[in-house]
Enquirer: 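Dropping a structure here in C-alpha cells format, bear with me for questions.
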Protein chains: 4
Amino acid sequence: MESDKLSDESRSKRDAILVAARTLFAKKGYEETTIADIAREANIAVGTVYLYFRNKRDVYIGVAIDIEEMIAATFRDPELLKLPFVQIPRAIVDGIFRVSREHMNLISFLQVDMQTSEEMSQHKHTNEHITCSLAKIFQGAIERGELAPFNTEMYSQILSLLGDNIMYQCFAVEKGEREELYHTYFLEVVERLFFGPSLRDGQANYSKDG
Amino acid sequence: MESDKLSDESRSKRDAILVAARTLFAKKGYEETTIADIAREANIAVGTVYLYFRNKRDVYIGVAIDIEEMIAATFRDPELLKLPFVQIPRAIVDGIFRVSREHMNLISFLQVDMQTSEEMSQHKHTNEHITCSLAKIFQGAIERGELAPFNTEMYSQILSLLGDNIMYQCFAVEKGEREELYHTYFLEVVERLFFGPSLRDGQANYSKDG
Amino acid sequence: MESDKLSDESRSKRDAILVAARTLFAKKGYEETTIADIAREANIAVGTVYLYFRNKRDVYIGVAIDIEEMIAATFRDPELLKLPFVQIPRAIVDGIFRVSREHMNLISFLQVDMQTSEEMSQHKHTNEHITCSLAKIFQGAIERGELAPFNTEMYSQILSLLGDNIMYQCFAVEKGEREELYHTYFLEVVERLFFGPSLRDGQANYSKDG
Amino acid sequence: MESDKLSDESRSKRDAILVAARTLFAKKGYEETTIADIAREANIAVGTVYLYFRNKRDVYIGVAIDIEEMIAATFRDPELLKLPFVQIPRAIVDGIFRVSREHMNLISFLQVDMQTSEEMSQHKHTNEHITCSLAKIFQGAIERGELAPFNTEMYSQILSLLGDNIMYQCFAVEKGEREELYHTYFLEVVERLFFGPSLRDGQANYSKDG
DNA sequence: TATGAATGAGAATTCATTCAT
DNA sequence: GATGAATGAATTCTCATTCAT
C-alpha cells in the first residue's frame, strides 16, 4: 500500500520531469534548457531531478524515448491488422501525420544525434519496435496473399526512415505549411510501391485527398 | 597577383578552420569541440577563428554546408544526363553511397537541427539544389518518353529525404556494417518505384548485387 | 529562528561580497578587479557571486549605493535638527569631511558615471534623500525665522553637489593633502552664503580653524 | 614645405582620431568603444592609431584634455577682464552653460576618474589653468576695489568644482531638462556669494532669468 | 608612414552536479 | 526522499596591441 503510493508518487514525479523537459526542449532546444528550468517547470527542486535521472543527457533520453514510443504505438494499433492491405498504407500514413502534427515541436527530437552507445542502443530498440510492427503487418498481408513475398524487414526499415524524415521536413523544417502536399505524395509513393503503377507506367489514380 | 595571393591566403585560412572543425566535430561531436581545439588543430590563434566566423555555430554551419554541397555535387554530374533513364537510379544510388562512405563521420551533420532562420534558409538552399538537380533529371526522362509524367519536384524531395536518412542510418548509426544491404534495398525501392513491379505484383528481378 | 539564521547567512554572504568588492575596487579600480578576485577575497566560489548579483556591474552598484547611503546618513542625524541654525553649516561640513576621510578610497565611487537608467534612478534616489534631508533642515530654520525664505530644494541640491565634488577633489584627487584648506574654505563659502558678508562686503570673520 | 605639409597631415590625422574618439566615447562610453571603432570612424587603419597614441587610454586623455581646454577657454576670454565685476558672475555662468550645452555628451568626461598619476597631473594642469584664470579675474576686481580681499585661489577652485558638478548634474544626469533652473540658481548662489544678501538676510533681487 | 591580419591573454558568465540539512 | 545554496571547471568571445608588408 504505502510502497504503492510512494511508487505512484515516484512515477508521477519522474513523469512531471519528463513532461517539463519535453516542453522546454521543444521550446528552447536541449542546450538552451537548463536543469533549473526543468525543475522550475516541474515544480520541484533541482536536486530532485537527480534522484530520478543520472544527468541531463539522461533526462533527454527519457524524453526522446517517450516520443518515439508514441509514434511506435501508431503502428501497433490492432485495428491495423484487421484491415485489408489495400487500406493499410493510407491508414499508416494518416496515423503518422496525425501523431506528428500533434507533437510538431517534438519531431525534431527524432533527429538529434545519438552520442553514446547507450543512447544508440536505446534508439535502436525503439526503431526495431517500429520496424518490427510494420514487418508484421506486411507479413500478414503476404500470408494472406495480398502481397507478393519480399524482404519485409528492410522495406519496413526503409519506410520507417522515410516517414521520419518526411515528418521532420514537413513539420520541423517547414512548420507544417505544406502538410497536405507531403501527405499526398508520401501516400502516393507508398501506394505506388505496393500497388503500382511504376512511374514509368503511368499516373497514379489513387484519389488525391481533397 | 597580390590580391590573388591575399585572397588565396584568406581562403586557405578559412578552409584550414573548416577542415580542422570538420575533423574535430566528426571525432568528438559539436558540443565537445571547443574553439580552442579548432584553433589548435588549424595551427592558428583563437582570435583568428573569429576573423572568419562570427561564432562557433557559424563554424558549424560552414562545415555542414560544405558537406551538403559535396553530396549535392553528385547529382549535378553532367554524365548523369547522358545516361538512359533505366541506368540512372543505380548511378545515383551508387553516387550517394560512394560519397557517404568516404565521409562517413560527417553524415551525422546532415541531421543536426538547424536553429536560426538563417541556417534554415542556407540549408533549404542546398536542399533545393539537390531537389532541383534530381527534378531536372526526371524531367529529361519524361520529355524523352522514358517516364510517364509525374510531380517531379515532390518526388525529388521525397527521394532526397529518403537518401539522407538511409545514409544516416547506414553510416552514422550502423557505422556502415550493413552497407550492402541498404544499398541493395534502397536501389530496389527506387527502381521498383520507377519501373515496377509493385510489391503486390512480384519480386523485383533487378540483379541483386552479390 | 531557522529562517532568521538563513536570512542572516544570506545577508552576510551578500555583505561579504560587497565588502570584498569595496576593498578591491578601492585598491585596484573597477576595471582591474575581476569577479574571481572578489570571490577569492570573500572566500566564496565565483558562481556564488552570481547568486547575489546579476553581474559585475550589479556588484558595483551595490557598493556605490552602500557608500552613498553612508554619506546620506550624516545628514539624517536627528541631533542636527536640534541645533540653532548658526551651528548647522559647521556641523554638516564637519560631518561630510569626517565620513569622507574615513572612506577616502571610496570617494571616487561618487563620481563614476551611471550608465543604465536603473543605476541612474538608484543614484537619483539616494541623491534625493540627501537633498531632501538638507532641505528639511533649511525649512526648519526658515520656519523658526533663522533664515529668510528661499528655494530650499535647489540650494540643497547645489550644496550637495558642491560637497560631493569638494570631497572628490580633496580626497580622491589630492589624497587629503590639503584637507584643512578645503575644510576651511568650504565652510567659509557655506557660511558666507547663509550669513554673509558677501565677498564684496568683507572678510569673513568666522573663526578659521587653526 | 614638405615637412610642413607632413606635419599638417600628421596634425590632421591626430585630430581625426581625437574627433572620432570624442564622438564615440560620448555615444558609447570609454569601455564600449574599441580602437577598431575609432579607426573606422576616423577612416584610418587600426595600426595608425598607435602611431599617434601609445594606447587606448592615451587617446582618452587626449580627448579629455581637449574638452577641458574648451571649457578653460571660456574663462580666458579677454573681454571678461574689461567688464565691471558686477557683470562678471553672469558672464561666467552664461559662458559655462553655453559651452556645456554645446558639448552635452562630453560633460561626462569631466568626471571620469583619473587613474594614473600622469593623467592626474594632466588633469590638474588644466584645472589649474581654469582656477588661475578665475583667480586673475577676482584679483583684478579686488585691485579695482570692486571686491574685498579674499583667498582668490581657493574660491576659484571651489567655484570651478561647483561649476563642473552642476554641469554634470544638469547635462549628464538630467539631460538638460532643468537647465534653466540650474542656470538661475547657480547664478544666484554665485551672486549671493559675491554681492549678498546672505540667505539669512533676504531674497536675492537679481533679475531671475529673462 | 600606413596597414590590418593575426595574436592570445584574459574576463565574464553559465550551469551541471553535489551534499549538508 | 526532497531541497536548493554553493561550487568551480570550462567555454565563448573580445579587443588592445603588434609587426610583416
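In what follows, chains carry the letters A, B, and so on, assigned in the order in which the sequence lines appear, proteins first and then strands, with residues in each chain numbered from 1. Hydrogens, waters and symmetry mates play no part in the numbers below; they use all other heavy atoms, side chains included. As the structure is a prediction and not an experimental result, all values here were calculated from the model.
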Enquirer: What nucleotide among E/dA12, E/dA16, F/dT17 has an atom nearest to a side-chain atom of C/Lys56?
Expert: E/dA12

Enquirer: Think D/Tyr52 has a side-chain N or O under 4.0 angstrom from the OP1 or OP2 of E/dT1?
Expert: no

Enquirer: Round to the nearest Å and state the distance from C/Glu32 atom CD to E/dA12 atom C1'.
Expert: 15 Å

Enquirer: Watson-Crick or G-U wobble partner for F/dG8, using a 3.5 Å limit on both distances?
Expert: E/dC15

Enquirer: Please name the nucleotide paired to F/dA20 by Watson-Crick or G-U wobble geometry with both distances under 3.5 Å, or report none.
Expert: E/dT3

Enquirer: Minimum heavy-atom separation for D/Ala39 to D/Val49, with atom names?
Expert: CB-CG2, 4.2 Å

Enquirer: With a 4.0 Å cut-off on heavy atoms, is C/Leu51 in touch with a base, just the backbone sugar-phosphate, or nothing at all?
Expert: base

Enquirer: Which nucleotide in the list E/dT17, F/dG8, E/dA2 gets nearest to the side chain of C/Ala45?
Expert: F/dG8

Enquirer: Scan D/Thr48 against the nucleic acid and name what it touches under 4.0 Å (heavy atoms): base, sugar-phosphate only, or nothing.
Expert: base

Enquirer: Please state how far atom NZ in A/Lys28 lies from atom P in E/dT14, giving the value in whole angstrom units.
Expert: 12 Å

Enquirer: If I take atom CD1 in residue D/Ile44 and atom P in nucleotide F/dT17, what distance separates them, rounded to the nearest angstrom?
Expert: 15 Å

Enquirer: Return no unless some side-chain N or O of D/Tyr50 is found under 4.0 Å from OP1 or OP2 of E/dG4.
Expert: no

Enquirer: Quick one: on DNA chain E, does D/Val46 or B/Val49 contact a more 5' nucleotide (nearest heavy atom)?
Expert: D/Val46

Enquirer: Expressed in angstrom and rounded to an integer, what is the separation of D/Glu31 atom CD from F/dC13 atom P?
Expert: 21 Å

Enquirer: Roughly, in whole Å, what's the span from CZ in B/Phe53 to C1' in F/dT12?
Expert: 16 Å

Enquirer: Between C/Arg54 (CZ) and E/dT14 (P), how many Å, whole number?
Expert: 12 Å

Enquirer: Hey, mind stepping through A/Asp37 and A/Thr34 against side chain to side chain donor-acceptor pair (under 3.5 Å) and telling me if it holds?
Expert: CA-CA 5 Å; A/Asp37 289 338; A/Thr34 69; 3.2 Å; yes

Enquirer: Among A/Val63, A/Ile65, A/Val59, which one satisfies side chain to side chain contact (heavy atoms under 4.5 Å, CB included) with A/Ile61?
Expert: A/Ile65

Enquirer: Under the side-chain hydrogen bond (donor to acceptor under 3.5 Å, both in side chains) rule, collect the residues that match up with B/Asp66, sequence neighbours excluded.
Expert: B/Arg22

Enquirer: Of D/Ile35 and B/Thr34, whose nearest nucleotide on DNA chain F comes first from the 5' end?
Expert: B/Thr34

Enquirer: Check the distance between F/dG8's P and C/Arg40's CZ and give it to me in whole angstrom.
Expert: 13 Å

Enquirer: Does B/Lys56 make a cation-pi contact with B/Tyr30, if we ask for NZ or CZ under 6.0 Å from the ring centre and within 45° of the axis?
Expert: yes

Enquirer: Take atom CG of A/Asp58 and atom P of E/dA16, then tell me their distance rounded to the nearest Å.
Expert: 14 Å

